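What follows is a set of notes on a single structure, which appears directly below.
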Amino acid sequence: MPVQPDPSYVGRFAPSPTGPLHFGSFVAALASWLDARAAGGRWLLRIEDLDRPRVRSDAASRILTQLEAAGLHWDAEVVWQSRRLDLYRQALERLSSMDATYWCACTRKEIADSAITPDGAGVYAGTCRAGFPRGKSPRAIRLKTVPERIVFDDRLQGTISQSVEREVGDFVAYRADGTFAYQLAVVVDDAEQGVTDVVRGADLIDSTPRQIHLQRLLGLPRPRYLHVPVAVTATGEKLSKQKHAAEGSSRDLRAALAFLGQAAPAGMADAELLNWAAGAWNPGAIPRRRTISASAAARSP
Ligand code: GLU
């Protein structure tokens with residue numbers, strides 16, 4: 001069943017310009033665009049270019065070209081995170097003024113010796129929570145987590161529950177290289193841009209409880225979440241931005257729609273595809289999985 005029109009809906013796509021969109025990120029862009037259009041809402045584009053060592057200089061313009069080629073038009077000026085550092089600084093200052101943060105002097109190697117979190121990093125044991133050892137220098141700023149589990153209902157994946165304290169540990173809000181962390185920036189931006197609906201890849205679902213923790217601390221509203229499956233290779237690895245770049249062609253569009261369980265009726269002309277898909281958008285038909293092998297859909301080199 002198509003969703004009910006909701007003109008207050010604000011969606012967004014927030015790619016990191018570390019390379020062109022690959023089939024998996026194209027799927028995420030398409031899903032969030034369709035969800036916004038089907039709701040009669042607005043769709044914003046935010047370039048998450050804070051992670052300078054990983055940003056590639058031509059990637060953002062390639063992403064914009066890919067989206068335009070596919071007909072995924074956005075509704076306001078593109079927002080660049082690198083131009084909004086003051087917002088993140090203010091949020092961090094608020095958090096430290098409420099004693100929700102602390103400086104951490106641990107090195108990557110010291111942390112790597114701990115257990116592994118869902119997204120592959122070490123669980124931080126809270127070593128510097130009560131102050132860092134003499135003779136060590138502060139490197140990063142961490143957020144204090146709390147024992148309470150964070151529970152939210154994902155529109156596709158169902159109820160998600162995580163103890164951020166136990167499964168992730170106190171997490172970084174300001175990195176040792178002087179960069180505001182993704183978790184902080186994404187929460188500040190989604191609220192500042194009035195985003196009501198986050199539709200993105202399920203590789204980020206384990207980050208969502210951290211983001212909800214931050215929303216609570218900062219008194220920000222919680223958007224609805226829909227985490228779509230992520231395209232992986234036949235052997236379960238992430239697609240590479242270089243090897244599996246999407247073009248935004250109608251072939252990509254058909255493959256992405258099929259991946260999302262919204263296969264177009266036989267014989268539909270390329271020019272009709274996107275309009276049809278927005279009208280027929282049925283989130284309930286998306287496979288309820290976190291990853292799907294896209295070897296058939298994603299072109300190999
Ligand atoms: N910039 C993140 C990425 O490209 C996505 C952030 C988000 O959608 O919350 O993986």
Side-chain angles (χ1 to χ4, degrees), residues 10-36 43-56 59-64 66-67 72 74 78-84 87-88 91 118-121 152 154-157 160 162 168 171-173 175 179-215 218 220-232 237-242 244-246 256 290-291:
V10 181
R12 54 48 155 197
F13 179 52
S16 304
T18 55
L21 297 180
H22 55 56
F23 180 71
S25 41
F26 181 69
V27 164
L30 178 64
S32 75
W33 187 90
L34 287 173
D35 203 54
W43 191 65
L44 309 179
L45 182 59
R46 180 170 77 231
I47 302 292
E48 301 211 322
D49 57 347
L50 288 183
D51 194 350
R52 269 162 297 163
R54 294 185 59 231
V55 166
R56 295 284 160 269
S61 65
R62 277 200 68 185
I63 292 172
L64 302 192
Q66 290 168 299
L67 293 173
L72 305 185
W74 49 94
V78 177
V79 162
W80 300 76
Q81 286 192 322
S82 58
R83 301 179 191 165
R84 294 157 69 83
L87 285 176
Y88 314 134
D119 52 12
F152 71 98
D154 187 88
R155 288 171 52 203
L156 178 65
Q157 309 285 346
I160 307 291
Q162 187 188 73
V168 180
F171 55 94
V172 171
R175 299 182 352 189
T179 304
F180 294 101
Y182 157 68
Q183 308 291 355
L184 177 74
V186 76
V187 163
V188 169
D189 283 336
D190 283 340
E192 198 276 334
Q193 295 185 275
V195 170
T196 60
D197 286 78
V198 170
V199 179
R200 61 185 175 191
D203 51 332
L204 290 164
I205 202 164
D206 290 321
S207 285
T208 308
R210 269 169 274 181
Q211 294 168 17
I212 292 173
H213 177 61
L214 274 165
Q215 287 156 6
L218 291 166
L220 302 174
R222 180 196 301 192
R224 287 178 289 257
Y225 290 100
L226 192 168
H227 287 89
V228 299
V230 172
V232 292
E237 287 145 38
K238 272 190 169 180
L239 300 187
S240 130
K241 292 194 171 179
Q242 314 309 331
H244 304 99
R290 294 204 186 180
T291 59

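This is a predicted model, so every value here is computed, not measured. In listed order, ligands and their atoms are each counted from 1.
Minimum interatomic distance between Gln215 and Val187 (heavy atoms only, all atoms of both residues): CG-CG1, 3.8 Å. Between Pro229 and Gln157, the shortest heavy-atom contact is N-NE2, 4.5 Å. The minimum heavy-atom distance linking Val172 with Ala181 is given by the pair O-CB, 3.2 Å.
The only option from Leu44, Val199, Leu45, Leu30 that meets the side-chain contact (heavy atoms from CB on, under 4.5 Å) definition with Phe13 turns out to be Leu45.
The existence of a salt bridge linking Asp189 and Arg12 is excluded, since no basic side-chain nitrogen approaches an acidic carboxylate oxygen closer than 4.0 Å.
With sequence neighbours left out, the ring pair (Phe, Tyr, Trp, His ring centres under 6.0 Å) criterion links His213 to no other residue.
Protein residues having at least one heavy atom under 4.0 Å from any atom of ligand 1 are Arg12, Ala14, Pro15, Ser16, Glu48, Tyr182, Val186, Arg200, Leu204, listed by chain and number.
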